[in-house]
Amino acid sequence: MVSQKRACIIVLALLFPFIFFHQCDGASHPSDSHADSRSADFTSNDPNEKVNVSVYYESLCTPCAKFIIKYLQEIFYQDIISIVNLHLVPWAGSHVNDANNSIICQNGPDECKLNSVEACAINIFNVDKYYYLINCIEYLAIEGRQKNWKSCISQLGLPNERIMNCYNSGNATELAQKYINETSFLSPPPTFLPWVVVNNQPLEKEYQNVISYVCKDYRGTAVPEACNLR
């Protein structure tokens, strides 16, 4: 199963350069490099110590989709995931309407629906399963075929009932409020999406170099070969 998933991801990566991407709405501040503050001064004796990587995104944000299917897939393909605690946070650009307590998404109701599905997957499955599902959904979104998102569940052999129970029971709304609240407490607050944070430090405009920052921050002894090649 895993080899099929990775083969799928490789195909997506080969096709990816031919897709044209638009930027999400939102301003961004000039990025100051965090490299100096990240210099490795020591090595931990704990081979299991991992680097925390959080990705704040929206399901129909095209730069977010690009990052998820092109850059995050390298974390899995190069076995960087073995030293990473990956935390995906949908709903990062959404907000709660205080007047009626409804949730407003940047790109409309379809985005709210996909945010809900992806949040449910994150809540139900382990990272290896939910990442591939989100990867598939985001690829469809880039092609404008996001309404076919259920096909990703069947293609990956995931239990459709568990996801739909979460989506229909109100759990998805609770998860949305949780993620919106988490995003609101970020300091500094996101100025664009995707907003990638490594060990509590936002990468800002350097987010595409996430693997380099992960390798730099890793303090354990089980160093993946991909880090040695950088």
Side-chain angles (χ1 to χ4, degrees), residues 1-16 18-22 24 55-77 81 86-96 102-180 182-183 193-194:
M1 186 66 176
V2 173
S3 61
Q4 292 176 345
K5 294 175 184 175
R6 288 187 174 178
C8 179
I9 296 301
I10 294 171
V11 170
L12 294 182
L14 292 174
L15 292 174
F16 193 86
F18 301 98
I19 302 172
F20 181 78
F21 293 101
H22 298 280
C24 281
V55 180
Y56 296 84
Y57 74 101
E58 290 279 358
S59 59
L60 292 184
C61 159
T62 306
C64 299
K66 173 181 178 180
F67 177 76
I68 287 170
I69 73 174
K70 182 178 181 181
Y71 295 96
L72 269 193
Q73 68 96 14
E74 291 296 326
I75 287 180
F76 289 84
Y77 183 61
I81 192 62
L86 182 61
H87 179 50
L88 296 187
V89 184
W91 302 96
S94 305
H95 68 276
V96 177
S102 63
I103 297 176
I104 309 299
C105 296
Q106 281 187 333
N107 297 297
D110 280 352
E111 183 166 70
C112 285
K113 178 179 290 187
L114 290 183
N115 283 348
S116 294
V117 171
E118 295 183 8
C120 283
I122 292 167
N123 191 54
I124 295 170
F125 304 120
N126 61 31
V127 65
D128 207 36
K129 290 182 178 179
Y130 76 63
Y131 168 73
Y132 286 112
L133 177 59
I134 291 173
N135 180 295
C136 180
I137 293 173
E138 293 304 313
Y139 189 77
L140 291 179
I142 286 172
E143 293 190 326
R145 298 190 295 123
Q146 62 269 19
K147 293 186 183 297
N148 296 332
W149 59 269
K150 288 184 180 179
S151 66
C152 292
I153 299 176
S154 59
Q155 287 173 20
L156 295 171
L158 297 175
N160 179 72
E161 184 177 355
R162 293 183 66 187
I163 296 175
M164 296 313 298
N165 283 346
C166 171
Y167 179 80
N168 294 322
S169 67
N171 288 346
T173 301
E174 293 179 6
L175 291 170
Q177 293 172 336
K178 167 190 168 184
Y179 287 134
I180 291 171
E182 177 181 339
T183 305
L193 298 179

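Keep in mind that what you see is a predicted model, and the values were worked out from it rather than measured.
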Measuring only between side-chain heavy atoms, which start at C-beta, is [X] closer than 4.5 Å to [Y]?
X    : Y    : result
V89  : E182 : yes
L60  : N115 : no
V117 : M164 : no
Y139 : I69  : yes

Shortest non-hydrogen contact from [X] to [Y]?
X    : Y    : value
A172 : C120 : CB-SG, 3.9 Å
C136 : Q155 : SG-OE1, 4.0 Å
I103 : A176 : CD1-CB, 3.4 Å
P63  : L193 : CB-O, 4.0 Å
Y130 : A121 : CB-O, 3.6 Å
A65  : E138 : CB-OE1, 3.4 Å

Exercise. Indicate the ring-plane relationship of Y132 and F76, choosing parallel, tilted or perpendicular according to the 30° and 60° boundaries.
Key: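 Y132 vs F76 ring planes: tilted.
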Give, for atom [atom1] of [X] and atom [atom2] of [Y], the distance between the pair rounded to the nearest 0.5 Å.
X    : Y    : atom1 : atom2 : result
N168 : I163 : CG    : CD1   : 11.5 Å
C61  : I68  : SG    : CD1   : 8.5 Å
S151 : L140 : OG    : CG    : 5.0 Å
D128 : L133 : CG    : CG    : 12.0 Å
K66  : T62  : NZ    : OG1   : 10.5 Å
R145 : I137 : CZ    : CD1   : 12.5 Å

Practice problem: List in chain and number order the residues that pass side chain to side chain contact (heavy atoms under 4.5 Å, CB included) with S169, two or more places apart in sequence or in another chain; answer none if no residue qualifies. | Solution: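 In terms of side chain to side chain contact (heavy atoms under 4.5 Å, CB included), with neighbours along the sequence ignored, S169 is linked to N171.
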Quiz item: Taking only residues two or more places apart in sequence or in another chain, which ones pass side chain to side chain contact (heavy atoms under 4.5 Å, CB included) with A119?
Solution: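 Partners of A119 under the side chain to side chain contact (heavy atoms under 4.5 Å, CB included) test: P90, W91, L175, Y179.
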Exercise. Would you please test Q146 and L114 for side chain to side chain contact (heavy atoms under 4.5 Å, CB included) and show each step?
Key: CA-CA 8 Å; Q146 62 269 19; L114 290 183; 3.6 Å; yes
Exercise. Take C166 and I124 through the test side chain to side chain contact (heavy atoms under 4.5 Å, CB included) and record every step on the way to the result.
Key: CA-CA 9 Å; C166 171; I124 295 170; 4.1 Å; yes
Quiz prompt | Pair S94-Q106, side-chain donor/acceptor within less than 3.5 Å | solution =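 The criterion, which ignores hydrogens and geometry beyond distance, is not satisfied for Q106 and S94.
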Self-check item: Test item: side-chain donor near acceptor, Q73 and N135, under 3.5 Å
Solution: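 Looking only at side-chain atoms, N135 and Q73 do not form any donor-acceptor pair under 3.5 Å.
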Quiz prompt | Qualifying salt bridge (charged side-chain N to carboxylate O under 4.0 Å, His left out) pairs, either residue in residues 106-120, two or more places apart | solution =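 Only D110-K147 qualify under salt bridge (charged side-chain N to carboxylate O under 4.0 Å, His left out).
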Exercise. Just grab all the salt bridge (charged side-chain N to carboxylate O under 4.0 Å, His left out) pairs involving residues 150-174, residues at least two apart or on different chains.
Key: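 Non-adjacent pairs meeting salt bridge (charged side-chain N to carboxylate O under 4.0 Å, His left out): zero.
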Quiz item: Quick one: side-chain hydrogen bond (donor to acceptor under 3.5 Å, both in side chains) partners of H95, sequence neighbours excluded?
Solution: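 In terms of side-chain hydrogen bond (donor to acceptor under 3.5 Å, both in side chains), with neighbours along the sequence ignored, H95 is linked to no residue.
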Practice problem: Only counting residues at least two apart or in another chain, list the ones meeting side-chain hydrogen bond (donor to acceptor under 3.5 Å, both in side chains) with T183. | Solution: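 T183 satisfies side-chain hydrogen bond (donor to acceptor under 3.5 Å, both in side chains) with no other residue.
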Quiz item: Under 3.5 Å, is there a donor-acceptor pair between the side chain of Y131 and the main chain of L86?
Solution: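 Answer holds: no.
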